[in-house]
Amino acid sequence: MYNPEAIEKKWQKYWDEINLFSIDLNDNRDKFYCLVMFPYPSGTLHVGHGRNYIIGDALARYKILDGYNVLSPIGWDAFGLPAENAAIKNNIHPKDWTISNIRRMKEQLIRWGIGYDWDREIATCHPGYYKWTQWVFLVLYRRVLAYKKLAGVNWCPSCATTLANEEVIGGSCERCDTPVEQKNQEQWFFKITEYAQKLLDDLSMLTEWPERVKVMQENWIGRSEGAEIDFKIEGTQRLLPCFTTRPDTIYGVTFMALAPEHPAIEELIIDSPNREEILQFINEVRREKKISREEAAAEKKGIPINRNVINPINGKAVPLWITNYALMEYGTGAVMGVPAHDQRDFEFARKYGLPVIPVIMPEGADLEATSMEAAYTDDGIQINSGHFNGLRNREAMQKIVGHMEERKVGRHRISYKIRDWLISRQRYWGTPIPIVYCGKCGEVPVPEADLPVMLPEIGNFRPKEGRSPLAHAEAFVNTRCPGCGGPAKRETDTIAQWLCSCWYFLRYLSPRDTQKAFDKSLAGRWLPVDQYIGGIEHAVLHLLYSRFIVKVLYDEGYIPFKEPFQALFTQGMICKTSSITGRLEKMSKSKGNVVSPDELIGKYGADTLRLYTLFIGPPEKDAEWNDRAVEGAFRFLNRIWRKVIELAPNLSGLSVELTGQAGLSKELKDLRRKTHATIRDVTRDIEGGFHFNTAISAIMELVNSIYLVKLDNEKNGLAVMKEAVEAAVILLSPFAPHIAEELWTKLGHMPTIFRAGWPDYDPDVIKTDEVLIVIQINGKLKGKIDVPPDLKEEEVRARVLALPKLMEWTKGKAIKKVIYVQGRLINIVAG
RNA sequence: GCGAGAGUGGCGGAAUUGGCAGACGCACUAGACUUAGGAUCUAGCGGGAAACCGUGGGGGUUCAACUCCCCCCUCUCGCACCA
């Protein structure tokens, strides 16, 4: 009787005792760094979370079996808001909340049979860890990649903190979905923009990353190439630079559009007769933007401000407008309006009766300004463009920019959408920013020797008036200047938790090192991570930030690699119909659709949970949890259990060498063939893209085949059976390790199965002595025959054409053509 | 609008990349074993009486198309007035 509860505890304890996952980094076998995104200790894990760890564990165990020295570490992304919010709500310390969650979740992981090197466990909220997060901050500070500035920033009123642009999803807070407000505040930034081009270029190194993650990062970086062109405000010396990707259309400029937030506006309208009207328009646009970005985007609106700008290429004056579609966040906040060749400008110009001047003609067609119904945005030949007329626009583009560069009125420019990364948070539960402010020395970094700047114990975690709770901790705030020794005040904001996870994969290599953040030579040997596994939700956030920090560390000479993660796998979400929304939703407490792993394990065991999670579907795709199908996984484990227990007395201790297929009955040959083909298929499925679902179905097929063989006690039969059963058990072991380990010992082996080696298959055994040839008439399946695999084409043709049924199939039609595909199929074309 | 991915039985999903569509599992049906079956084993299970028809729809290439090409529809995700 298969009793998972009894065996699972036993083997978990055993693996721990033999240090199956505790490794020596200096072992000279091939290394494999298998990393799952470490969890935020939010309470308990549900089966949806489990997918990540189960995939990672299956892979780690497979690699261990295959002889690699596998590093599979785990830790806790333990700083962050939920702890603090829970602390405020329940009146406990965020640290206590976090630690008790870690304890619970660790128990869960162990109960699932997930193997980690627990000696390397880290928690980012531990001073021994965040000391080095502060060190990373100081590395950036030293390179002037960390700086403080007053800026308009995203503010989440519910989280009571500022957010990075990457944390704002569709205008709302990534964490709590509250609409984000704009606020002017002094904040710390990391100059990720300085690495925009490198981050973009090196995406091409990431050949083992999902395309969509790379595309998302590419979009986010948002590079566009063009020119910055200086328009002069008529009657002044003041320049109004604008960015365009289409300098070839500069002769078609008929107006200039300014973002309502453009800093030049105030001065420009100071003595404007319709100043009030303009201010009203600006306020209106701002209000609309606040309500809904999309709605604000629906209709183009603008107001002229009775000023002109001079087009530097031809000296022509065009009117200046404030519009709702020019964005301050992109380019320079000023847009040259070319209605003939930009659809937005076109709509705007038609609405307000502004002129349309075509300057690029499609080849073999004609553009008529008055009759155009849409902008022409494709390539063509320059017209109305002074001495650039007649050139292809792509060529003219280069020449026009060159011409402007010579005359210093414009220049080639690359614009990026990505902004600098706002990293300061006005909350308590995070890494203190290691900076002090001195009346004499100004902003001073805390010297490395003085790290860590300890997060103080405080009584009240509630943030007040947009300031960190640390601002009220006098003993923390008041300090001495590391420079002059005079009185100074500490920075009271903390660092966004994202920074903690930007370098944790380095820390696993030397987690208790008190001298340095990480060991350069170990990092050089063990990184990049061979396989990183995690959720798609980190496509831009964690994965972009980590790439950035690694590049900085590389440039500083701390590490010899430019990219942290060689291969990335993003697993799909596990969903279930929510009783609250009535729809299929990602499992979450708030949707009331979580399945508790503890209950399931109590009923079926961890192996069933693991097997089902891997069998549920292609791991990169979302999947719907199905309680019924879980029983199927349990049934299968029972099935293999019963068969092995039944056979074990006859198989254990048996030693018969099988060489080739000679002397075996057809039934036994078939089973041997199946055994070896299954080894091949399972190996291929794991290696070739984590197809655990098909790997498991292949094992199920093998077990089905085992069931069909009727065994007498003939030696060969036992030997073939032993080979089949042992293969099934080993192949199953990465997925359902406890039952596999137990059955392995029942088959007379010493534990552990994970040192038994991944089986090889013999291609000769897989070869069949008969191949099935499909017979088609005009491409339609009509029949099948078995032939020897090496039978010559003419002979196969002859046999097929001699079939009595052929007449019936062809219905007396003449045979025009016969196509033979070696060992597969014969198609007779008749008509 | 741009980009990425997807659409196959009642359901989840397979198909070595152009060569038997529906592996494996769930659900369902029948038989066996049983005092019993919601356990287990065995078998069946796309539609159709059959010829045949069937992989979102329509064209095409090919001896042969889930797979390749063109057009269209639907869904998911990401970006989006990005100048």
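The basis for the numbers below is simple: all heavy atoms, side chains too, and nothing from hydrogens, waters or symmetry mates. We name chains A, B, ... by the order of the sequence lines, and we start the count at 1 in each one. Please read all numbers here as calculations on a predicted model, not as lab measurements.
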Q. Are the side chains of A:I192 and A:L199 in touch, meaning some heavy atoms are under 4.5 Å apart?
A. yes
**Q.** For atom CZ of A:R797 and atom P of B:rC63, their distance in whole Å
**A.** 15 Å
Q | Same-atom distance (P) from B:rC26 to B:rA43, integer angstrom | A | 15 Å
Q.
I'd like to check the side chain to side chain donor-acceptor pair (under 3.5 Å) partners of A:E211; sequence neighbours left out, ordered by chain and number.
A. none
Q.
What's A:V829 touching, base or sugar-phosphate or nothing? Going by heavy atoms closer than 4.0 Å.
A. sugar-phosphate
Q. What is the distance from CD of A:E624 to P of B:rG13, rounded to the nearest Å?
A. 9 Å
Q) A:D681 has an atom CG; how far is it from atom P of B:rA15, in whole Å? A) 10 Å
Q. Which value, in whole Å, describes the distance between the C1' atoms of nucleotides B:rG47 and B:rG22?
A. 13 Å
Q) If the C1' atom of B:rG60 is compared with that of B:rG18, how far apart are they to the nearest Å? A) 16 Å
Q.
Distance check needed: B:rC81 P versus A:L327 CG, whole Å only.
A. 6 Å
(Q) Taking the nucleotide of RNA chain B with the nearest heavy atom to each, does A:A326 or A:I828 sit closer to the 5' end? (A) A:I828
Q. With a 4.0 Å cut-off, would you call A:R286 and A:E284 a salt bridge?
A. no
Q) For A:R628, what residues pass the side chain to side chain donor-acceptor pair (under 3.5 Å) criterion, not counting sequence neighbours? A) none
Q.
Salt bridge or not between A:K643 and A:E646? Use side-chain N to carboxylate O under 4.0 Å.
A. yes
Q. Does A:S224 have a side-chain nitrogen or oxygen under 4.0 Å from the phosphate oxygens OP1 or OP2 of B:rA83?
A. yes
Q.
Closest-nucleotide mapping onto RNA chain B: is A:D345 or A:M216 further toward the 5' terminus? I mean the 5' end.
A. A:M216
Q.
Syn if the chi torsion is within 90° of 0, anti otherwise; quick check, which is B:rU17?
A. syn
Q.
Would you measure the distance from the C1' atom in B:rC63 across to the matching atom in B:rC68 and give it in whole Å?
A. 16 Å
Q: Give A:A539 one of three labels, base, sugar-phosphate or nothing, depending on what nucleic acid heavy atoms sit under 4.0 Å from its own.
A: nothing
Q) Quantified in whole Å, what is the C1' atom distance between nucleotide B:rA14 and nucleotide B:rG9? A) 13 Å
Q: Considering only NZ, NE, NH1 and NH2 on the basic side and carboxylate oxygens on the acidic side, decide whether A:R411 and A:D230 come within less than 4.0 Å.
A: yes
Filtered N/O pairs between nucleotides 45-54 of chain B and protein, under 3.5 Å:
from   : atom 1 : to     : atom 2 : distance (Å)
B:rC52 : OP1    : A:K782 : NZ     : 3.1

Q | SB check A:E218 A:K214 (cutoff 4.0 Å) | A | no
**Q.** Consecutive-pair stems (3 or more, Watson-Crick or G-U, under 3.5 Å) for RNA chain B
**A.** B:1-7 with B:73-79, B:10-12 with B:24-26, B:28-32 with B:40-44, B:56-60 with B:68-72
Q. Could you give the NE2-to-P distance, from A:H538 to B:rG78, as a whole number of Å?
A. 14 Å
(Q) Using atom C1' in both nucleotides, what's the gap between B:rA30 and B:rC20 to the nearest angstrom? (A) 27 Å
(Q) Which residues pass the side-chain contact (heavy atoms from CB on, under 4.5 Å) test with A:P260, not counting sequence neighbours? (A) A:I282, A:V285, A:I322
Q.
With hydrogens left out and only the distance checked, is there a donor-acceptor pair under 3.5 Å joining A:N827's side chain and the base of B:rC63?
A. yes
Q: Send over the distance from A:I169 CD1 to B:rC77 P, rounded to a whole Å.
A: 13 Å
**Q.** side chain to side chain donor-acceptor pair (under 3.5 Å) partners for A:T577, two or more places apart
**A.** none
Q) When syn is taken as a glycosidic angle within 90 degrees of 0, is B:rG9 syn or anti? A) syn
Donor-acceptor list for residues 338-346 of chain A side chains, cut-off 3.5 Å, not counting sequence neighbours:
from   : atom 1 : to     : atom 2 : distance (Å)
A:H341 : ND1    : A:Y376 : O      : 2.8
A:H341 : NE2    : A:V359 : N      : 2.9
A:H341 : NE2    : A:I360 : N      : 3.2
A:D342 : OD1    : A:R344 : N      : 2.9
A:D342 : OD1    : A:R344 : NE     : 3.1
A:D342 : OD1    : A:D345 : N      : 3.1
A:D342 : OD2    : A:R344 : NH2    : 2.5
A:Q343 : OE1    : A:A375 : N      : 2.9
A:Q343 : NE2    : A:E347 : OE2    : 3.3
A:D345 : OD1    : A:Y325 : OH     : 2.6
A:D345 : OD2    : A:V338 : N      : 2.8

Q.
Holding to side chain to side chain donor-acceptor pair (under 3.5 Å), I want the full list of residues that pass it with A:D670, two or more places apart in sequence or in another chain.
A. A:K666, A:R673
Q.
Please give the distance between the P atoms of B:rA64 and B:rG13 as a whole number of Å.
A. 32 Å
(Q) Measure CG/A:N219 against C1'/B:rC77 and give the value in whole Å, please. (A) 12 Å
Q) Is the shortest heavy-atom distance from the side chain of A:L647 to the side chain of A:M721 under 4.5 Å? A) yes
Q) Would you call A:E329 and A:R419 a salt bridge, taking side-chain N to carboxylate O under 4.0 Å as the test? A) no
Q. Contact class for A:P618 vs. all strands (heavy atom < 4.0 Å): base, sugar-phosphate, or nothing?
A. sugar-phosphate
Q. Residues from residues 247-257 of chain A sitting under 4.0 Å of RNA chain B, heavy atoms only?
A. none
Q) Do A:E624 and A:K576 sit within salt-bridge range, that is, some charged N less than 4.0 Å from a carboxylate O? A) no
Q) Can you name the side-chain contact (heavy atoms from CB on, under 4.5 Å) partners of A:K784, sequence neighbours left out? A) A:L772, A:L781
Q | Whole-Å P distance, B:rA4 and B:rU16 | A | 23 Å
Q) Ignoring hydrogens and angles, are the base of B:rC63 and the side chain of A:K817 linked by a donor-acceptor pair under 3.5 Å? A) no
Q: Can you tell me the distance, in whole Å, between the CD1 atom of A:I616 and the P atom of B:rG13?
A: 9 Å
(Q) Suppose we screen for side-chain contact (heavy atoms from CB on, under 4.5 Å). Which residues come up paired with A:V630, at least two apart in sequence or across chains? (A) A:L600, A:Y604, A:T608, A:Y612, A:W625
Q | Sugar-phosphate or base contact per nucleotide [nucleotides 20-42 of chain B; S, B, -; heavy atom under 4.0 Å] | A | B--BBSSS------------SSS
